[in-house]
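Report on the following structure.
Every chain is numbered from 1, with letters handed out A, B, ... down the list of sequences.
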Amino acid sequence: MVFPFLRFSKKGAEQTAEDIGNFLAGNIGNISGFNIVKGFLNLVIDQSYWIYQFNNAAVSEKYGFKSADENSEVVMIEYSSPNTNKPLHLGHIRNNLLGYSVSEIMKANGNKVVKTNIVNDRGIHICKSMLAWKKLGNGETPESSGKKGDHLVGEYYVKFDQLYKNEVSDLIAGGLSEEAAKEQAPTINEAREMLRLWEANDPDTRSLWQLMNSWVYAGFDETYKTLGVDFDKIYYESNTYTVGRDEVLRGVKEGIFEQMDDSSVWANLEKDGLDRKILLRSDGTSVYMTQDIGTAKIRYNDFPIDHMIYVVGNEQIYHFQVLSLLLDKLGYKWGKDLYHFSYGMVELPQGRMKSREGTVVDADDLVAGMIDVARKVSEELGKLDNYSDEEKERIYRIVALGALKYFILKVDPKKTMLFNPEESIDFNGNTGPFIQYTYARIQSVLRKASDAGIEIPAQITDIEMNEKESALIKILVTFPEVVNEAGTNHSPALVANFVYELVKEFNQYYHDFTIMNEPDEEIRKFRLLLAKTIGKTIKNCFSLLGIEVPERM
RNA sequence: GGCCCAAUAGCUCAAUUGGAUAGAGCGACAGCCUUCUAAGCUGUAGGUUUCUGGUUCGAUCCCAGAUUGGGUCACCA
């Protein structure tokens with residue numbers, strides 16, 4: 001595209017393109033010719049260049065990846081960050097998958113990555129579950145009921161809400177305003193009292209809290225394991241909130257924040273174009289913001305963090321603006337540098353998920369449902385009939401999670417996305433299983449080659465390749481740049497789009513040309529190496545997305 | 001109401017960050033399994049990129065305004 005050069009060349013577009021083309025073809029070895037179409041200069045690049053590039057890709061086990069060294073920057077990525085009063089749902093799944101994938105992408109860009117999870121294990125929400133369990137639980141435990149711990153605790157959170165709602169409507173029927181009713185309902189005040197007792201270290205409250213949280217953690221661990229996500233360092237807000245509270249009180253002393261007559265503490269951010277924000281309640285208990293201040297301080301003490309990434313939904317943009325500013329005001333120079341990776345919500349066909357209206361898609365149910373579908377599809381195809389049940393189940397899981405993860409990660413993280421439980425479970429087209437299937441096909445060919453005693457060379461010398469082959473190589477060699485872009489944009493979607501494009505092209509190639517039956521030995525070996533390299537790249541791409549690939553399916 | 005974000009094929013999403021004829025999948029229709037895995041491949045139909053202006057050689061992309069949808073402004077997290 002030569003338009004920007006016209007003001008220097010002072011000639012017409014065609015003539016300018018001609019001049020530049022002549023110069024480049026004459027001076028750069030890999031350019032063997034050019035043509036001009038409507039002001040666009042197209043360069044013809046010599047085949048030897050593509051062979052050279054291909055060999056680079058073929059030789060390297062982790063083509064496109066950079067590894068960390070002692071000079072690498074430390075990137076801490078916070079993701080997941082669940083509340084301990086209810087099980088994980090579809091929204092958390094997007095968070096977990098993005099957090100894990102971005103971590104892998106940052107690693108592939110040569111960073112030292114610390115994956116962290118801040119568990120919100122304290123606060124009014126968990127007190128609500130505790131209170132309802134105390135009132136209605138009759139000592140129910142995961143063992144006694146056979147329920148998964150996080151689900152059990154979640155049920156009591158719902159029961160609290162029902163109790164509370166009934167009280168509010170009774171009070172309104174008795175003549176109170178809605179606002180007053182919500183304020184005066186006995187259960188909400190009991191829950192508040194419980195939170196106060198908790199912060200005062202009341203032994204009974206603490207031990208109930210510990211018991212119910214232990215159920216939830218067992219449940220979460222199971223879900224995390226299923227999803228294949230993990231953490232290098234887990235923080236608990238019950239340990240960090242006091243540090244945050246101390247920071248806030250220091251802020252009061254230093255005149256950064258103000259304490260009201262009722263002893264609540266506020267930050268006035270009006271000069272910064274924001275509102276007033278509460279940091280400590282009048283009863284002295286902490287809020288979300290207080291905890292986040294403490295957590296941030298502790299993390300920077302624990303690790304030499306160069307970049308801090310918070311994987312948190314875009315509904316909290318304002319929260320992180322405020323947090324950044326507050327940390328800055330408290331004198332931490334890294335406050336302004338924190339990066340809120342704000343991803344879009346997952347919506348259902350009916351709109352946003354609402355736990356109170358029971359429209360949430362539970363994470364465990366969703367995965368189990370996907371596995372059922374994978375099993376059904378696979379059994380209909382009957383390709384795994386010779387395998388053991390154990391092996392089959394393993395493949396069903398890989399395919400099911402591949403479908404779910406790819407479906408979520410292929411979408412630009414910033415955008416709101418729609419999940420239709422009926423229609424989103426697909427295994428054809430632009431899906432995880434389609435890509436996994438291509439990988440399995442490649443492995444099948446490679447097994448055949450191995451059985452036939454064919455040695456695949458490490459690289460190729462000179463060979464006449466067809467259109468499809470050079471098209472494949474042209475896509476393949478953009479991968480390092482894709483990894484780089486995915487890192488700077490924090491976007492797994494770029495990796496997903498790349499691997500889809502590659503796989504789509506390969507399937508056409510696979511359809512149009514034979515690999516093992518190619519009579520020319522040199523060409524056959526080249527095709528095997530090409531297939532092997534593409535297989536490797538598929539696997540590496542999927543590792544960046546946290547998706548496994550099956551050897552057969 | 002203030003601030004923030006989004007709008008592309010019937011549906012779900014892309015578009016190399018301002019470039020050539022806006023691409024995929026699903027759904028619909030028509031084909032391809034004596035051949036390395038048909039979870040695949042090929043073809044057809046489907047678009048005034050929400051609207052109105054502006055910036056320039058050129059706008060889905062940048063700017064202004066409008067419309068529609070969403071988020072957020074809690075002593076919730």
>> Heavy atoms from C-beta onward define the side chain here; which of B:C75, B:U37, B:G40 lies closest to that of A:K448?
In response: B:U37
> Do the ring centers of A:Y343 and A:Y79 come within less than 6.0 Å of each other?
Replying inline: no
>> Any carboxylate oxygen within less than 4.0 angstrom of a Lys/Arg side-chain nitrogen, looking at A:R192 and A:E183?
In response: yes
> Which part of the nucleic acid does A:V399 contact within heavy-atom distance under 4.0 Å: base, sugar-phosphate only, or nothing?
Replying inline: base
>> Could you tell me how far apart A:I317 (CD1) and B:C4 (P) are, to the nearest whole angstrom?
In response: 11 Å
> Counting side-chain heavy atoms from C-beta on, which of B:U17, B:C41, B:C26 comes nearest to A:N489?
Replying inline: B:U17
>> So if I take every side-chain heavy atom of A:S444 and compare against B:C4, B:A20, B:C36, which nucleotide ends up nearest?
In response: B:C36
>> Let's see if you can work this out: which of B:C41, B:A74, B:U72 has an atom nearest to the side-chain heavy atoms of A:Y318?
In response: B:U72
> Think A:R441 has a side-chain N or O under 4.0 angstrom from the OP1 or OP2 of B:G40?
Replying inline: no
>> Using OP1 and OP2 only, check whether a side-chain N or O of A:R276 sits under 4.0 Å from B:A74.
In response: no
> Counting side-chain heavy atoms from CB outward, which of B:C36, B:G71, B:G70 is closest to A:E347?
Replying inline: B:G70
> Does A:Q508 have a side-chain nitrogen or oxygen under 4.0 Å from the phosphate oxygens OP1 or OP2 of B:U42?
Replying inline: yes
>> What contact category does A:Y500 fall into here, base, sugar-phosphate, or nothing, at under 4.0 angstrom with non-hydrogen atoms?
In response: sugar-phosphate
> OP1 or OP2 of B:C76 sitting under 4.0 Å from any side-chain N/O of A:R122?
Replying inline: no
>> Using a heavy-atom cut-off of 4.0 Å across all strands, would you classify A:F506 as base, sugar-phosphate, or nothing?
In response: nothing
> Can you check B:C29 for me, syn or anti if syn means within 90° of 0?
Replying inline: anti
>> Both A:N314 and A:E485 contact RNA chain B. Which one's nearest nucleotide lies toward the 5' end?
In response: A:E485
> What does A:I124 touch in the nucleic acid at a heavy-atom separation under 4.0 angstrom: a base, only the sugar-phosphate, or nothing?
Replying inline: sugar-phosphate
>> Going by purine N1 to pyrimidine N3 plus the second Watson-Crick contact, or the G-U wobble pair, all under 3.5 Å, which nucleotide sits opposite B:A20?
In response: none
> Under 4.0 Å: is that the gap between some side-chain N or O of A:K415 and OP1 or OP2 of B:A14?
Replying inline: yes
> Which part of the nucleic acid, if any, lies within contact of A:N42, taking any heavy atom under 4.0 Å across all strands shown: a base, the sugar-phosphate backbone alone, or nothing?
Replying inline: base
> Say you pick atom C1' in B:C33 and the same atom in B:A28; how far apart are they, in whole Å?
Replying inline: 23 Å
>> Would B:U17 be called syn or anti here, given the cut-off of 90° from 0?
In response: syn
> In the strands shown, is B:G65 matched to any nucleotide by a Watson-Crick or G-U wobble pair with both distances under 3.5 Å, and which?
Replying inline: B:C51
>> Give me the distance, rounded to whole Å, that separates B:G54 from B:U17 when you measure between the P atoms they each carry.
In response: 27 Å
>> So is the aromatic ring of A:F40 stacked onto the base of B:A20, judging by whether the centres are under 5.5 Å apart and the planes are under 30° apart?
In response: yes
> Out of B:C76, B:C41, B:U37, which has the shortest distance to the side chain of A:R281?
Replying inline: B:C76
> NA contact type, A:Q316, heavy-atom cut-off 4.0 Å: base, sugar-phosphate, or nothing?
Replying inline: base
> Considering every strand shown, what is the Watson-Crick or G-U wobble mate of B:C3 when both distances are under 3.5 Å?
Replying inline: B:G71
> Just how far, in rounded Å, is C1' of B:C36 from OH of A:Y509?
Replying inline: 12 Å
> Would you call A:R397-A:E393 a salt bridge at under 4.0 Å N-O?
Replying inline: no
>> Does A:M417 reach a base, just sugar-phosphate, or nothing at all? Heavy atoms under 4.0 Å.
In response: sugar-phosphate
>> Measuring only the C1' atom in each nucleotide, how far is B:U60 from B:C13? A whole number of Å is fine.
In response: 15 Å
> Who does B:U44 pair with, Watson-Crick or G-U, both distances under 3.5 Å?
Replying inline: B:A28
> Would you say the ring centroid of A:Y437 lies under 6.0 angstrom from that of A:F427?
Replying inline: no
> Between B:U34 and B:C26, how far is it from one P atom to the other, in whole Å?
Replying inline: 23 Å
> With a 4.0 Å cut-off, would you call A:D372 and A:R375 a salt bridge?
Replying inline: yes
>> Is it the case that the ring center of A:W198 lies less than 6.0 angstrom away from the ring center of A:Y241?
In response: yes
>> I need the CG-P distance between A:L418 and B:G10, as an integer number of Å.
In response: 17 Å
> Expressed as a whole number of Å, how far does the C1' atom of B:C32 sit from that of B:G18?
Replying inline: 42 Å
>> Between A:K165 and A:D161, does any side-chain N to carboxylate O distance fall below 4.0 Å?
In response: yes
> Starting at CG of A:N497 and ending at P of B:A15, how long is that distance when rounded to a whole Å?
Replying inline: 6 Å
> Does the pair A:R281 and A:E199 meet the rule for a salt bridge (Lys or Arg N to Asp or Glu O under 4.0 Å), with working shown?
Replying inline: CA-CA 12 Å; A:R281 297 189 184 99; A:E199 290 206 16; 5.5 Å; no
> Considering only the P atoms, how many Å lie between B:G27 and B:A20, rounded to the nearest integer?
Replying inline: 30 Å
> Do the rings of A:Y510 and A:F506 sit parallel, tilted or perpendicular, given the 30° and 60° boundaries?
Replying inline: tilted
> When you compare B:G2 with B:A9, how far apart are their P atoms, in angstrom units rounded to a whole number?
Replying inline: 30 Å
> Atom CG of A:N420 to atom P of B:C13: distance rounded to whole Å?
Replying inline: 11 Å
> To the side chain of A:M516, which of B:C36, B:G40, B:A14 is closest?
Replying inline: B:C36
>> Within the 4.0 Å heavy-atom criterion, would you say A:K504 contacts the bases, only the backbone, or no part of the nucleic acid?
In response: sugar-phosphate
> Under the 6.0 Å and 45° cation-pi test, does A:K159 pair with A:Y156?
Replying inline: yes
> Roughly how many Å is it from CZ in A:F419 to P in B:C13, rounded to a whole number?
Replying inline: 12 Å
> Atom CG of A:N507 to atom P of B:U42: distance rounded to whole Å?
Replying inline: 9 Å
> OP1, OP2 of B:C36 versus side-chain N and O of A:R447: anything below 4.0 Å?
Replying inline: no
> So which nucleotide from B:C75, B:G25, B:U37 ends up closest to the side chain of A:N430?
Replying inline: B:G25
> With a non-hydrogen cut-off below 4.0 angstrom, is A:L381 in contact with a base, only sugar-phosphate, or nothing?
Replying inline: base
> Over how many whole Å does the gap from A:I475 atom CD1 to B:U16 atom P extend?
Replying inline: 16 Å
>> I'd like the C1' distance from B:U50 over to B:U42, given in whole Å.
In response: 35 Å
>> Just N and O in the side chain of A:N428: are any of them under 4.0 Å from OP1 or OP2 of B:G40?
In response: yes
>> Categorize A:D283 for me: base, sugar-phosphate, or nothing, with a 4.0 angstrom heavy-atom threshold over every strand shown.
In response: nothing
>> Under 4.0 Å, heavy atoms only, any strand: does A:R352 hit a base, just the sugar-phosphate, or nothing?
In response: sugar-phosphate
